[in-house]
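Heads up: the structure comes next, in structure tokens.
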There are 2 protein chains.
Amino acid sequence: MNGDLSRSPLAHEIEFLAIKLFSMGTRRANDALLSVSLRVRLYSVLALANSDAHPTQRDLAEFLELDPSQIVALVTELENRGLVIREIDPSDRRSKVVTATPRGAKLFEEARAVTGNAESETLSALTSDEQAALLRLLRKAVFGA
Amino acid sequence: MNGDLSRSPLAHEIEFLAIKLFSMGTRRANDALLSVSLRVRLYSVLALANSDAHPTQRDLAEFLELDPSQIVALVTELENRGLVIREIDPSDRRSKVVTATPRGAKLFEEARAVTGNAESETLSALTSDEQAALLRLLRKAVFGA
DNA sequence: TATTGTTATACTCTATAACTATA
DNA sequence: TATAGTTATAGAGTATAACAATA
């Protein structure tokens, strides 16, 4: 090879860089989550089920930008493992609220620790100020504020 | 739902935000690339084949963080469409250098225009200064400098 | 022996349409 | 009629192992 690919125009496209950061991060996070038998998508659903947001499956689909049919499979797996429960929303019997069980909450804390380590590895080239700046910019890009 | 998922702890994890930005961006980019019959991975390979880096398939695999066997399929598709050529490296006959044809170079310029539009949409919440700052931080996180 | 490209295979993720129950 | 969840299916992406040619 005569040139340095990191100097190619492609390597200056923000989306391409986001994909690289994503694939590096996802690989590390999935490897780390092996120890708690989760994968990033299961981890994401468990995290939201464990928050005080009390999301319905539709909420999860919108926030995670996954199709509702994909949420079904993820929630079912977590439910079968006793980590979350589905409860019909009394105010709209079509909707099901997904909530972490105590066991799910406990596993989530373990999972959060290992993904935290993976994140530190992924971002090790940045100072903590830079990491904070990146976080702010990503939040603004994604949520618009 | 009682809470706002964008205030959940998950929504403050950098890797999760990178995944969201990635999935938003990839979806838009893939939609945009439909008009030139490419997808993001084909676009990435074509972009690097069209640079002055003259990468081998092994170089592409490392830079794109894909398995060499995946590169085979991508290069073969581009080759069958007359957009790139494989050439044996005379200095190491095991390696094949991937280079864009004139037709490939032309299609890449079209593709770059449409992905540029998609990127602008994805990042529309950021000012141009913020976009530049995000680019710098992503490059440092990914390439370490 | 080690490396490059290749083939084959299995698994995960993504996208879509059709069905059911509730509203 | 519209929406939430579900089922089924096909296509794209990812991961692994084994092999031939070359170093």
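Labels below follow one simple rule: chain letters A, B, ... track the order of the sequence lines, proteins then strands, and each chain is numbered from 1.
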For this session: Determine: side-chain N/O of B:Arg41 to OP1/OP2 of D:dT14, distance under 4.0 Å, yes or no.
Result: yes

Exercise. Do the side chain of B:Asp4 and the main chain of A:Ala53 share a donor and acceptor less than 3.5 angstrom apart?
Worked result: no

Exercise. Nearest of D:dA2, C:dA2, D:dG5 to any side-chain atom of B:Arg94?
Worked result: C:dA2

Exercise. For the side chain of A:Asp92, counting heavy atoms from C-beta on, which of D:dT6, C:dA23, D:dT22 is nearest?
Worked result: C:dA23

For this session: Looking only at side-chain atoms of A:Val72, point me to the closest of C:dT6, D:dT6, D:dG13.
Result: D:dT6

For this session: Using a 4.0 Å heavy-atom cut-off across all strands, classify A:Arg58 as base, sugar-phosphate, or nothing.
Result: base

For this session: Would you mind classifying the nucleic acid contact of A:Ser69 as base, sugar-phosphate or nothing, using non-hydrogen atoms under 4.0 angstrom?
Result: base

Exercise. Can a donor-acceptor pair be found between the side chains of A:Asp89 and A:Ser91 at a distance below 3.5 Å?
Worked result: yes

For this session: Return the nearest nucleotide to the side chain of A:Arg39; candidates are D:dT6, C:dT6, C:dT12.
Result: C:dT12

Exercise. Can you check the A:Gln57 CD to C:dA21 C1' distance for me, whole Å?
Worked result: 14 Å

Problem set entry | Salt-bridge present (A:Glu87, A:Lys96; N to O < 4.0 Å) | no

Exercise. Is the charged tip of A:Lys20 near the ring of B:Phe22: under 6.0 Å from the six-membered ring centre and within 45° of its axis?
Worked result: no

For this session: Look at all strands and tell whether B:Ile71 reaches a base, only sugar-phosphate, or nothing, counting heavy atoms closer than 4.0 Å.
Result: nothing

